[in-house]
Amino acid sequence: MSEQPETELDLEQDLPEQIAVRLAKRERLNELNDAYPVSLPITHTIDGVRAAYPELEIDVATGDKVALAGRIVFQRNTGKLCFATLQAGSGQRIQAMLSLDKVGEEQLEAWKELVDLGDHVFVAGEVVTSKRGELSILADEWLMAAKTIRPLPNMHNELGEEYRVRHRYVDLIVRDRAREVVQIRSKVMQSLRRTFDAQQFIEVETPMLQTIHGGASARPFKTHSNAFDTELFLRIAPELFLKRAVVGGIDRVFEINRNFRNEGADRTHSPEFAMLEAYQAYGDYNSIADLTQQLIQNAAMDVFGTHQVELEGGEINDLGGEWPRISMYESLSEACGQVITPETPMAELKKLASSVEIEIDHPLPGKYVEELWEHFVKGNLVKPTFVIDFPVDTSPLTRDHRSKAGVVEKWDLYIRGYEQATGYSELVDPVIQRARFVEQVTLAASGDPEAMKLDEDFLKALEFGMPPSGGMGMGIDRLLMSLTGLGIRETIMFPLVK
RNA sequence: GGGCCUCUAGCUCAGUUGGUUAGAGCAACGGACUUUUAAUCCGUGGGUCGUCGGUUCGAUCCCGACGGGGCCUACCA
């Protein structure tokens with residue numbers, strides 16, 4: 001649905017009928033009183049009143065007076081008695097009743113004339129139940145709290161996907177699940193921070209604007225600083241700064257913040273996305289895997305009270321128990337029926353790749369191994385699984401394996417076939433790190449736009465000595481997807497739209 | 001990047017094998033109604049059929065370009 005240029009509300013011509021009508025009502029309200037009063041004598045909340053009268057009989061008058069406000073989501077007017085359903089931000093609702101004998105003819109007529117679906121209104125009156133047993137406020141008076149100029153969408157059909165994303169504020173008003181997802185996200189964040197706090201991790205914030213982008217392989221967004229007259233990049237990862245923090249003695253450190261990657265957007269990728277990274281001095285990829293499992297299991301338990309999380313559509317995502325750790329090379333060998341090791345020659349990998357129609361052209365064998373692994377193994381991983389010990393040449397920030405040649409101490413965590421997190425025994429030897437960067441720069445020179453750049457200051461930091469460490473990174477949006485079964489654009493309140 | 005599909009009222013959707021005046025439900029407007037729950041009943045208005053161009057006596061419909069969206073594919077720690 002293509003958007004017309006936004007309607008100019010002060011151009012009185014060419015307005016959709018309903019907007020023109022509501023603007024006229026706004027004028028009228030301002031003449032009578034105020035369409036947007038600065039404050040109202042509210043004494044109660046909708047949630048509070050609902051909680052205070054959980055089970056009243058039919059047609060009860062309590063004698064209790066309350067004054068509250070809410071957004072009108074349904075309206076039923078009869079001649080001398082009007083009903084409206086008021087909704088709070090929580091989604092809780094309560095009925096307001098306006099009768100001729102309580103509010104008088106003038107106020108009743110004004111209500112019928114000036115109040116529309118979507119308006120915020122204030123009502124003060126007695127808590128009662130109607131003859132059908134609905135908990136209600138029988139109003140003695142009402143006031144407009146905020147006049148709505150645009151009509152709410154029809155609440156009896158699902159909103160279109162595009163409308164929901166482009167008008168999330170409306171989606172949040174009319175769809176309970178939209179509000180729920182926002183709350184789940186907030187609770188997950190709280191839970192993650194609690195788990196970190198319980199283990200003495202410190203939360204920090206590192207630069208989003210960087211002069212050299214590093215810590216991952218991805219194309220960056222570029223911008224320009226006028227003050228420094230220099231090219232800047234939005235960060236693709238916080239890794240190199242968090243490691244500087246570890247060098248400085250922040251031994252247990254984490255950051256939850258946005259990353260930006262200038263690449264494709266689909267059901268599992270967003271150009272800006274929330275990232276969690278954590279580093280633990282004197283830990284390694286095993287201890288950081290333990291931590292990652294705890295973070296996710298605690299979040300499921302804190303938010304849903306179970307490790308068996310029910311997803312959109314009813315599927316159960318079982319996050320319980322100890323998560324298996326399988327070797328990349330061994331699981332690939334098993335799945336493809338041919339022994340693949342770090343020594344397997346390039347020609348053989350290429351042959352296997354083309355036999356399953358993987359068409360890539362890359363100078364390094366590790367890339368082929370990862371592609372083959374994704375083809376043969378990834379799709380079958382439903383339960384949470386750590387895939388461990390990756391090829392060395394695709395993991396420039398990771399330490400060589402302590403006992404296996406040709407692989408590094410790195411894992412990826414897969415949940416329901418999605419890559420959920422990654423963890424390393426961090427490479428802390430500044431000499432080897434420099435050599436790895438130089439290889440990456442060579443790759444970049446040969447045209448790989450995702451290869452990393454040489455960050456001299458980061459290398460200098462390593463030269464001051466970084467303790468042996470484990471580190472991990474996890475996409476928060478993806479975690480929400482795993483916990484809800486929703487697409488990434490439903491887990492982000494305001495995803496980027498063109 | 002490649003392929004396929006899609007865009008009709010404020011919202012959700014029908015429809016026109018190219019032909020007078022493009023429909024429904026909710027929403028809106030006028031009226032009736034003091035116990036409604038998507039209230040009901042009577043009546044009314046509301047559309048550049050995404051945009052621009054082409055074919056045609058005639059285009060919302062066919063064709064092309066552009067724009068928005070979706071799906072698949074490719075790319076993607």
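So that the names make sense, note that chain A is the first sequence line, chain B the second, and so on, each numbered from 1.
- Across all strands shown, A:Phe390 has no heavy atoms under 4.0 Å from either base or sugar-phosphate atoms.
- Residue A:Lys112 places no side-chain N or O under 4.0 Å from the OP1 or OP2 atom of B:U34.
- At least one side-chain heavy atom of A:Gln420 sits less than 4.5 Å from a side-chain heavy atom of A:Met474.
- Of the residues in residues 488-498 of chain A, those with a non-hydrogen atom less than 4.0 angstrom from any atom of RNA chain B are A:Arg489, A:Lys498.
- Only the C1' atoms considered, B:G67 is 11 Å distant from B:C52, to the nearest whole Å.
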What nitrogen or oxygen pairs link the protein and nucleotides 42-45 of chain B at under 3.5 Å?
{"from": "B:G45", "atom 1": "N2", "to": "A:Glu17", "atom 2": "OE1", "distance (Å)": "2.3"}

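- When heavy atoms are screened at a 4.0 angstrom cut-off, A:Met472 is found touching no nucleic acid atom at all.
- Evaluation of atom-type donor-acceptor distances gives no pair under 3.5 Å for the side chain of A:His156 against the base of B:C26.
- Relative to the side chain of A:Glu263, the nucleotides B:C76, B:G25, B:G10 differ in distance, and B:C76 lies closest.
- The side-chain hydrogen bond (donor to acceptor under 3.5 Å, both in side chains) test applied to A:Asp284 returns A:Arg402, not counting sequence neighbours.
- Between A:His167 and A:Tyr163, the ring planes lie parallel to each other; the angle is under 30°, not in the 30° to 60° tilted range.
- When the C1' atom is used for both B:U34 and B:U40, the distance is 14 Å, rounded to whole Å.
- A distance of about 42 Å separates the P atoms of B:C63 and B:C29, rounded to the whole Å.
- Within 4.0 Å of A:Gly160, counting heavy atoms only, lie sugar-phosphate atoms of the nucleic acid but no base atom.
- Scanning residues 73-84 of chain A for heavy-atom distances under 4.0 Å to RNA chain B yields A:Phe74, A:Gln75, A:Arg76, A:Asn77, A:Thr78, A:Gly79, A:Lys80, A:Leu81, A:Phe83.
- A:Arg50 pairs by the salt bridge (charged side-chain N to carboxylate O under 4.0 Å, His left out) definition with nothing, not counting sequence neighbours.
- Distance from the side chain of A:Lys367 is smallest to B:A77 among B:C29, B:A77, B:G69.
- Look at the P atom in both B:C71 and B:C13: the space between them is 15 Å, to the nearest Å.
- Applying the 3.5 Å distance criterion, the base of B:U37 shares a donor-acceptor pair with the side chain of A:Glu134.
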Pairing string of RNA chain B (Watson-Crick or G-U wobble, both atom distances under 3.5 Å; | = paired to other strand) is (((((((..((((.....[...)))).(((((.......))))).....(((((..]....))))))))))))....
